[in-house]
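Take a look at the structure set out below.
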Amino acid sequence: MELKNKRWSSERFLAQRKEVLGGWPTGANVDFEEAVAYHQALPPGKIFAHKLEQGKKEGVTFAQPRAGVALVAEHIELLRYLQDEGGADLLPTTIDSYTRQNRYREAETGIAESRNLGRSMLNGFPAVNHGVDACRQVVEAVGVPVQVRHGTPDARLLAEITLAGGFTDYEGGGISYNIPYSKDVPLENTILYWQYVDRLIGEYESRGVRINREPFGPLTGTLVPPCISHSVAIIEALLAAEQGVKSVTLGYGQCGNLIQDIAAIRTLQELGEKYLSEKGYPEVMVTTVFHQWMGGFPQDESKAFGVISWGAAIAALAGATKVIVKTPHEAVGIPTKEANAAGIKTTKQVLNMLKDQKYASTPELEQEMEIIRRETGSILDRVFDLGEGDLAQGAVRAFQAGVIDIPFAPSRFNTGKLLPARDNHGAVRLLDYGDLPFAKEIIEFHREKIAERGRAENRSPSFQMVIDDIYAIGKGMLVGRPK
Amino acid sequence: MELKNKRWSSERFLAQRKEVLGGWPTGANVDFEEAVAYHQALPPGKIFAHKLEQGKKEGVTFAQPRAGVALVAEHIELLRYLQDEGGADLLPTTIDSYTRQNRYREAETGIAESRNLGRSMLNGFPAVNHGVDACRQVVEAVGVPVQVRHGTPDARLLAEITLAGGFTDYEGGGISYNIPYSKDVPLENTILYWQYVDRLIGEYESRGVRINREPFGPLTGTLVPPCISHSVAIIEALLAAEQGVKSVTLGYGQCGNLIQDIAAIRTLQELGEKYLSEKGYPEVMVTTVFHQWMGGFPQDESKAFGVISWGAAIAALAGATKVIVKTPHEAVGIPTKEANAAGIKTTKQVLNMLKDQKYASTPELEQEMEIIRRETGSILDRVFDLGEGDLAQGAVRAFQAGVIDIPFAPSRFNTGKLLPARDNHGAVRLLDYGDLPFAKEIIEFHREKIAERGRAENRSPSFQMVIDDIYAIGKGMLVGRPK
Amino acid sequence: MQKKTLVLGVIGADVHAVGNRILDYALTEAGFSVVNIGVLATQEEFINAAMETDAQAILVSSLYGHGELDCRGLKEKCVEAGLDDVPLYVGGNLVVGKQDFAVVEEHYKEMGFDRVYPPGTLPDVLIRDLARDLH
Amino acid sequence: MQKKTLVLGVIGADVHAVGNRILDYALTEAGFSVVNIGVLATQEEFINAAMETDAQAILVSSLYGHGELDCRGLKEKCVEAGLDDVPLYVGGNLVVGKQDFAVVEEHYKEMGFDRVYPPGTLPDVLIRDLARDLH
Ligand code: B12
Ligand code: B12
């Protein structure tokens, strides 16, 4: 099938649909028209796009956890607890890793084992195996909107089932759920898969049912510079919009430097709107999501609370529409419901204390925003060039050429030349910019920033700096200084 | 005895000393010359002023807990734990409330009961009852400097014993340990008591032993506007300097608004240095201490971690020399050692992550600093006027006239007309400025700030706003909005 | 209807004044006549104030942790003074540290208190209980 | 001296690549010859790589929680392939959730692993143990 950034025809979509729904027996229970009716009957308070729009208007930042366990009743109990005790404004359903790799048979084993052992043996909720009705039980059990969060390169069947199941928001994208989440799935394939997902949402949209889409912002979660995640987020937003998506939440994973993080969220909102509108989709609503630090966490729970709070503070000061919350168990394992609620409560305390305080513009912040704008602009310009006008082709070629390069990604379709490291103030810069199409001044800017740190630490910049930075937050620091 | 801001003669000091040391049998064990020798033998790493100076130079913010229990062995165990597990940079010895009121007999009962019941029945360490040698055991048991923290209007005997006992920092002052800590002790008396303490420290100083002094910044801990705590801190610093103190740490209790809090710490450092040098004590070293929110805390521990972290973040961004740490048990009771260490670890995680980030000046911050400078200047000018040149007299008369007025203070020597309330962004402003000697524009500034909030909340400013603000942080908010 | 009189104060060497001020305000707003003896109040001050004003209830606060030591014997002194029937309430942070409240309550009830309140109790709760107990 | 060969990989449907990359770097720096089969590695891939390269040890990572399901039967397959004597190590976040590590270790030892490491183990520890085990 030819990859083009062009809205799929009904025929093409429907032809593929049969095959998709046949992927696992539960696919047979998807009845699109009935699902549309189901969505139309949902109260506005359970619709993601509606709540996000409200929050954006009022300038509040919502808190959303990650959470999912193997069995339906336990999953419902978990979500209710996060809503009632944790005070979550928005809820997730995190999908297990077998489902993410379309290994539904292994997921089935995981469900059985979980029943036998009385504890979840899966790291998430296997929604495909459970099917449409189980999803609706989940949606109906809680009072706030629920989103599907996963990491699935081919998430077509998962989308069919969960959206028919009443979920109103779907995370992921053809790049962001491929490169960090797989090893040898070609980008062409996943972009096609995700065009399907977006086209499906466009189908819902055409019946007046709004499903929000959220490209996965943090990518590998580890020292990803804003220009990389911004470029991916914007490409995926444009691809989604073309298939008929009308509401997107663009994401960014906290790096840790106050100025850089605020600049990132502000430019993400701004550039997202700019590109969508310039490329012909001015009606798409753009909101933002800030992820609390996505890399290695400290094992000590008190220290984890510190990391969580600092993330919450930045989300509020930057004015992100929502924040994805970490937990005090992060470094060790999937959190208990209590630990998960604890993370939300800490976050909400900070969000609430800061909700009437915004970070005013400063020359420093302006400079950082300008850097991000220029970097992202250079990358996206080149992507469009490479695609000779077609964004989907451009994206594939950009990865081939290293014009987009995601640090530490497992995929062999990622060049992996980029080496990020923190500067002397903790902002993520580039020790090696690989094949990014940056202007001379930008390259010089990064070089000087890293050199400045090298001077302060009395060492030459090297891969050891990167390693030190990867461990740093887990060891209670931001910048990985030599001992 | 006549109250004047004038260095006491040796005779006067020594005459009073006999009486002071006779206040409780343990006073007999104080041998000043021997104590000087003891201090001279302390390694620099155990000397508060030394460590603070280092920190100030390097721009790091140190973390210090509060802690004290009834019995010596348990107190040592507690401090060691806070040092080793918590990573405290500086340690305290918090004194119990009977000792603070010079009720040594009741403290003795508390010690006995604590032995019997196997748990501390006192809310602190009764240092006077335990005596000089016990204090030295404490100082010797740990590797970082230890400070006496209390709330004692008449702390002369406590100072004699703990300083002879090897502590190198002493909190309090004739105003800050009277007005928030007693009901009917005249200010004249406590200023005299504290002249004695400062004179004693001056005596140590004259033998080359440096004891740091820390006026108690937060006062009642509840919506105290910066100009009030700054005025008290500066007066106490000047009174101390006159008696020969050469190192002071000026304190401020977090209000909760980013800009106001940073402005407060920056102006505290600046104004402290300015007044000390203008009034003839340019050699005094000034450092600052930021107290994490000192008013009512949320009971939920996760929420408390949020409050703690936000305090840590501001301390770091503002560049305070040290931060006094709260614990997740704050709203409920004296913390266990684990809870106390948890508060320190959270704090240090945030401090470390922010240590290479300072908040750059902005017009907004500049404006807030200017407000604090003008307000504090107006108050201090009037204090000097009222004293006809004598600061000690001026301070007493300023309280009589309501020129200084501490919100919610229990003392009948405080006029208690001031009503603080938060503005629409959470900064503490004045709903009623009582008899503060403010210029018209400043009064208008406060009126408008509170009115702006009233408009946003659709209610007229009243005492209900104040009550709502007192409860707000405990309920998970900063500004106490109507329901 | 005659206003009901309450004696309010913070016992012992305790100076926590904020809650006391708020309770005073809230109880007054709720129609009680409040005799507030403030912080650093002795047992004798509570009893004298109650006798002098013919109070219908005595409300003791203790925040700072020494409550157990400070409250001991208060009920006995009330009985001696003929105040047997005047309800005796206590609230605040009644012990040193975070302890199981059921145990704390039990302990204070043994000391003769009629109602015992956990940390952070809001005035509404008190006002509701007063309405129930005083009629 | 001949370099010792190690097979390194992340088992199952697990894509956590960062720790793998760092272990590769650290082990190489420490003088080992590292055969890194990367993430999303099957049991068969571990065994084939070990056989092909005549490896002295197999190092399995599992971060994402499904380790128990993914590692089951690996030892048996090793034995079948004649790799009985090749030490089998495992490390990472080996189970779903925060569990008592002693129990986890026990469980993995029963599954035939020679060494089991808790979350966040630093490369130095591994390198020290390898020096001890391989001589
Ligand atoms: C970054 C990260 C991600 C990134 C990974 C990007 C990538 N492709 O590499 C992204 C965002 C994509 C991701 C996805 C997911 N993740 Co993840 N992730 C993390 C996180 C935050 C850091 C991992 C990391 O890079 N650490 C830094 C490196 C250097 O350390 P390390 O990985 O621990 O490895 C070191 C040691 O463990 C040790 N080690 C490792 N293996 C071995 C083997 C031996 C023999 C020895 C001696 C030592 C050893 O040495 C390594 C180097 O020092 C951890 C939590 C944490 N640690 O803070 C969660 C975590 C591992 N993820 C988790 C989960 C569940 C997921 C998801 C399922 C999503 C979800 N539900 O939230 C998906 C799974 C995707 C998949 N199919 O695998 C869980 C696992 C839970 C559990 N075991 O109970 C964790 C623990 C978070 C949590 N508490 O929920 N994740
Ligand atoms: C502000 C504060 C101070 C200020 C007080 C200023 C002043 N003069 O008022 C300062 C800084 C001076 C201070 C000093 C000390 N404090 Co203090 N303080 C607090 C703090 C943070 C808030 C208190 C407050 O104002 N709350 C707001 C008001 C509205 O609430 P409230 O006081 O709880 O009162 C309400 C309810 O409790 C209830 N209530 C009260 N009494 C009664 C009675 C009845 C019958 C009923 C129904 C209800 C009721 O109604 C009130 C109104 O809603 C609390 C911890 C917390 N709560 O977060 C610690 C706290 C009370 N302090 C404590 C301590 C130990 C001290 C010190 C000894 C210093 C130290 N070691 O740290 C000194 C003691 C001084 C002394 N001699 O009393 C401890 C007590 C520990 C314990 N019980 O185990 C606490 C709990 C902190 C802690 N966890 O360590 N403190």
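All chains are named by letter (A, B, ...) in the order of the sequence lines, taking the proteins before the strands, and each is independently numbered beginning at 1.
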- request: Please look at D:I22 and chain A and tell me whether the side chain, the backbone, both or neither of the residue comes under 4.5 angstrom of a heavy atom of that chain.
  value: side chain
- line: Distance col, row A:E113:CD vs D:L69:CG, nearest 0.5 angstrom, shows 5.5 Å
- prompt: Can you tell which of D:L94, D:D14, D:V39, D:L122 has the highest number of heavy-atom pairs within less than 4.5 Å of chain A?
  reply: D:V39
statement: Interatomic distance, CZ@D:R21 vs OG1@A:T220, rounded to 0.5 Å, equals 10.0 Å
message: Does any part of the side chain of D:H66, heavy atoms only, come nearer than 4.5 Å to the side chain of A:L122, both counted from C-beta?
response: yes
task: Below 4.5 Å from any heavy atom of chain D, which atoms of A:T336 appear? Answer side chain, backbone, both or neither.
output: neither
- prompt: Does a donor on one side chain and an acceptor on the other come within less than 3.5 Å for D:D70 and A:Y98?
  reply: yes
message: If we define contacts as heavy-atom pairs under 4.5 Å, which of D:L63, D:L40, D:N20 has the most with chain A?
response: D:L40
field: Contact summary for D:Y25 and A:I467, nearest pair of heavy atoms
entry: CD2-CD1, 3.3 Å
message: Check this for me: A:R105, atom CZ, are more than 12 non-hydrogen atoms of other residues, nucleotides or ligands nearer than 6.0 Å?
response: no
message: Please classify the contact of A:R119 with chain D as side chain, backbone, both or neither, using a heavy-atom distance under 4.5 Å.
response: side chain
task: For residues D:K98 and A:T327, determine if any side-chain heavy atom of one lies less than 4.5 Å from a side-chain heavy atom of the other.
output: no
Whether A:Q299 side chain and D:P119 backbone form a donor-acceptor pair below 3.5 Å: yes
task: Can you see which heavy atom on A:P410 is nearest to which on D:V15, and at what distance?
output: CG-O, 3.9 Å
- request: Test A:Q464 against D:E29 for side-chain contact (heavy atoms from CB on, under 4.5 Å), laying out the working first.
  value: CA-CA 11 Å; A:Q464 189 56 47; D:E29 288 278 292; 6.0 Å; no
message: What part of A:P180 gets within 4.5 angstrom of chain D, counting heavy atoms only: side chain, backbone, both, or neither?
response: backbone
- prompt: Highest number of heavy-atom pairs under 4.5 Å with chain A: which of D:A17, D:A13, D:G38?
  reply: D:A13
- line: Output for pair (D:N93 CG, A:I334 CD1), nearest 0.5 Å, gives 9.5 Å
- request: Would you confirm whether A:H329, through its side chain, and D:G97, through its main-chain N or O, come within 3.5 Å as a donor-acceptor pair?
  value: no
